[in-house]
Asker: 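Below are the structure tokens for one structure; questions will follow.
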Amino acid sequence: MTHAVPGPDAGAPASPSFYGLSRTRLGDRFGELGVPRYRADQVFSWVYQKRQRDASAMSNLPAALRAKIPAVCDLSLPANPKVYATADGMTHKFVLELRDGARVESVSMRTEKRLTLCVSSQVGCALKCSFCATGLMGLKRNLRAEEIVAQVIAMGDHHAWQDERFNIVFMGMGEPLANLDAVCEAVRILHDDRGLNLGARRITVSTSGLVPQIRELAKLNLQVGLAISLHATTDELRDQLVPVNKRWPIAELLDAAREYGHTVGRRTTLEYTLLGGVNDGMADADRLAKFARALPSKVNLIPYNPVPGLPWKRPSPEAVEAFAHRLYPHAPAVTIRDTKGGELWAACGQLGGLSPS
Ligand code: SAH
Ligand code: SF4
């Protein structure tokens, strides 16, 4: 299967965005101007650690360099993100307008323990899983690394960077492994210890099952966590729910996941969206438990979040509990994902240009 996508070049500024440059690449650009590389380290810590996005205020840089920075890289961020909060203030939906007018949606979720930032990797998605609002949009375009990093900055700025520790999950719009280069570049930038210094163990990439890209990600050894959107335990059903299964069926996908987990030394998450009367029977639970046992894994159950126009039903809380209980003795770790942000169309699978009221 190919993933030919329109390029994201419309509306690009003259100098590249700072947020898409690794420290090495920024150092290279400085090098071309005869500026020492360590100046890139200083600019990184100004921007990511001291939150200073105005080059003229970077007081330990020579005035001549400060004046040159706008020609080297563009420090501006998407202006005025729209932010919507749930009534309990724990979940926020962000809508960023990009230079070409495309809109990207991201979500921050707070629990007592931590803040999790759910970021998008594409505008829309080509893979058309049958229960997902993003899939209904079709693929508009890939995001660039800087547009991925900008989502994190926008959410961090909004929360005034009060959380010392936060996690990032690539579970927003789009299939991250269909935009692997930009996602990996963004991960490297977020990871930089002169930047946000975000440990790879705090980052999880969720995929609907692009097997060659899972193998490629393993080779890159970025150490990010992997979540697999399984959602069905037979190929017959998964072919219908997650069409990419026709190309890479369950056995191949779980093989790749097992190898990935082995290489990176982390347990794989198996995500399982529960659709009432479709994949929530006891026989499904038994097969899922078997898959989960076969690889070091955690199972994350996601009760279906409604998407207008789609026919699926969320199972009752009792049915969700019954499914989880059937798994507990056999599967090593099972969690039920809280529904966060349903009132804002911000829960899993609901990011698709639906406006909060
Ligand atoms: N594209 C990636 C990340 C997307 S969203 C992927 O597919 O893995 C995160 C999770 O939400 C995925 O497991 C996705 O399959 C699931 N999901 C999609 N639509 C949903 C819906 N309406 N209700 C509940 N979960 C949904
Ligand atoms: Fe794309 Fe993921 Fe939605 Fe499937 S669930 S359509 S892969 S965003």
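Just so you know, ligand 1 is whichever comes first in the structure, and atom 1 is the first atom listed for that ligand.
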Asker: Specify the protein heavy atom at minimum distance from atom 19 (N) of ligand 1: its residue, its atom name, and the distance to 0.1 Å.
Answerer: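 Ranking protein heavy atoms by distance from atom 19 (N) of ligand 1, first comes Gly349 CA, 3.0 Å.
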
Asker: Identify the closest protein heavy atom to atom 11 (O) of ligand 1: which residue and atom is it, and at what distance?
Answerer: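 Result for atom 11 (O) of ligand 1: Cys348 CB, 3.5 Å.
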
Asker: Please could you name the atoms of ligand 1 that Phe131 approaches to less than 4.0 Å, counting only its heavy atoms?
Answerer: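 Matching atoms, with element in brackets: 15 (O), 17 (N), 18 (C), 19 (N), 20 (C), 21 (C), 22 (N).
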
Asker: Below 6.0 angstrom between ring centroids: does that apply to Phe166 and His159?
Answerer: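 Between Phe166 and His159, the centre distance exceeds or equals 6.0 Å.
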
Asker: Just wondering, is there an N, O or S atom on Cys132 that's nearer than 2.8 Å to atom 1 (Fe) of ligand 2?
Answerer: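 Under 2.8 Å: Cys132 has no N, O or S contact with atom 1 (Fe) of ligand 2.
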
Asker: Which heavy atom of the protein is the closest neighbour of atom 2 (C) of ligand 1, given with residue, atom name and distance?
Answerer: Ser206 O, 3.4 Å

Asker: Regarding Asp157 and Arg51, does a basic nitrogen lie under 4.0 Å from an acidic carboxylate oxygen?
Answerer: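 Judged by the 4.0 Å cut-off on N to carboxylate O distance, Asp157 and Arg51 do not form a salt bridge.
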
Asker: Just how far is it from atom CG of Asn142 to atom CG of Asp181, taken to the nearest 0.5 Å?
Answerer: 9.5 Å

Asker: Does the side chain of Thr335 pick up a donor-acceptor pair with the side chain of Asn300 at under 3.5 Å?
Answerer: yes

Asker: How are the rings of Tyr48 and Phe18 set to each other: parallel, tilted or perpendicular (split at 30° and 60°)?
Answerer: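 Tyr48 and Phe18: tilted rings.
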
Asker: With heavy-atom distances below 4.0 Å as the criterion, list the atoms of ligand 1 near Ile302.
Answerer: 24 (C), 25 (N)

Asker: Which of the numbered atoms in ligand 2 are under 4.0 angstrom from any heavy atom belonging to Ser208?
Answerer: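 Matching atoms, with element in brackets: 7 (S).
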
Asker: Check Lys128 with Glu175, please: is the shortest side-chain N to carboxylate O separation under 4.0 Å?
Answerer: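 Salt bridge between Glu175 and Lys128, a charged N being under 4.0 Å from a carboxylate O: no.
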
Asker: Could you list the atoms of ligand 2 found under 4.0 angstrom from a heavy atom of Gly135?
Answerer: 6 (S)

Asker: Specify the protein heavy atom at minimum distance from atom 4 (C) of ligand 1: its residue, its atom name, and the distance to 0.1 Å.
Answerer: Gly172 O, 3.8 Å

Asker: For ligand 1, which atoms, with element, lie under 4.0 Å from some heavy atom of Cys132?
Answerer: 18 (C), 19 (N)

Asker: Need the ligand 1 atom indices (1-based, order shown) with element for anything under 4.0 Å from a heavy-atom of Ser208.
Answerer: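 Under 4.0 Å from Ser208, ligand 1 has these atoms: 6 (C), 7 (O), 8 (O).
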
Asker: Taking 4.0 angstrom as the limit and counting only heavy atoms of Val307, give me the atoms of ligand 1 inside it, by number and element.
Answerer: 22 (N)

Asker: Less than 3.5 Å between some nitrogen or oxygen of Gly174 and one of ligand 1, yes or no?
Answerer: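 Right, the criterion is met.
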
Asker: Report the distance from atom CG of Leu351 to atom SG of Cys132, rounding to the nearest 0.5 Å.
Answerer: 8.0 Å

Asker: Can a salt bridge be assigned to the pair Lys219 and Glu216 using a cut-off of 4.0 Å between side-chain N and carboxylate O?
Answerer: no

Asker: Measure centre to centre between the rings of Phe323 and Tyr272, then say whether the value is under 6.0 Å.
Answerer: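 That pair passes the under 6.0 Å test.
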
Asker: How close does the nearest protein non-hydrogen atom get to atom 23 (N) of ligand 1, and which residue and atom is it?
Answerer: Asn305 N, 2.9 Å

Asker: In terms of atom number and element, which parts of ligand 1 are under 4.0 angstrom from non-hydrogen atoms of His231?
Answerer: 13 (O), 14 (C), 15 (O)

Asker: Just by distance, with hydrogens left out, do Asn305 and Trp345 show a side-chain donor and acceptor under 3.5 Å apart?
Answerer: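 Per modelled atom types, Asn305 and Trp345 side chains form no pair under 3.5 Å.
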
Asker: Which protein non-hydrogen atom lies closest to atom 13 (O) of ligand 1, naming both residue and atom, and how far is it?
Answerer: Ser229 OG, 2.7 Å

Asker: State if Gly174 counts as touching ligand 2 under the rule of any non-hydrogen atom under 4.0 Å.
Answerer: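 Within the 4.0 Å threshold, so yes.
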
Asker: Is the centre of the His92 ring less than 6.0 Å from the centre of the Tyr84 ring?
Answerer: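 Ring-ring flag for His92/Tyr84: false, centres at least 6.0 Å apart.
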
Asker: Kindly confirm or rule out an N or O of Arg337 lying under 3.5 angstrom from an N or O of ligand 1.
Answerer: no

Asker: Does any N or O atom in Tyr304 lie less than 3.5 angstrom from one in ligand 1, N or O only?
Answerer: no

Asker: Closer than 4.0 angstrom, basic N to acidic O: yes or no for Arg258 and Asp255?
Answerer: yes

Asker: I'd like to know if Arg99 pairs up with Glu147 as an ion pair, taking the criterion as any Lys NZ or Arg NE/NH1/NH2 lying under 4.0 Å from an Asp or Glu carboxylate oxygen.
Answerer: no

Asker: Among all protein heavy atoms, pick the one closest to atom 6 (S) of ligand 2 and tell me residue, atom and distance.
Answerer: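 Its nearest protein heavy-atom neighbour is Cys129 N, 3.3 Å.
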
Asker: Below a 4.0 angstrom heavy-atom separation, can you tell me which part of Thr207, side chain or backbone, both or neither, approaches ligand 1?
Answerer: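 The part of Thr207 near ligand 1 is the backbone, not the side chain.
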
Asker: Closest non-hydrogen protein atom to atom 10 (C) of ligand 1, residue and atom name please, with distance?
Answerer: Glu271 OE2, 3.6 Å

Asker: Counting only heavy atoms, which portion of Lys128 has something under 4.0 Å from ligand 2: side chain, backbone, both, or neither?
Answerer: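 Contact part for Lys128 vs ligand 2: backbone (N, CA, C, O).
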
Asker: Tell me the protein heavy atom at minimum distance from atom 24 (C) of ligand 1, and give that distance in Å.
Answerer: Thr273 CG2, 3.5 Å

Asker: Counting non-hydrogen protein atoms only, what is the nearest one to atom 1 (Fe) of ligand 2? Give residue, atom name and distance.
Answerer: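 So the nearest neighbour among protein heavy atoms is Cys125 SG, 2.3 Å.
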
Asker: Indicate yes or no: does Asp192 engage Arg23 in a salt bridge with an N to O separation below 4.0 Å.
Answerer: yes

Asker: So His325 and Tyr328, would you call those rings parallel, tilted or perpendicular, with 30° and 60° as cut-offs?
Answerer: perpendicular

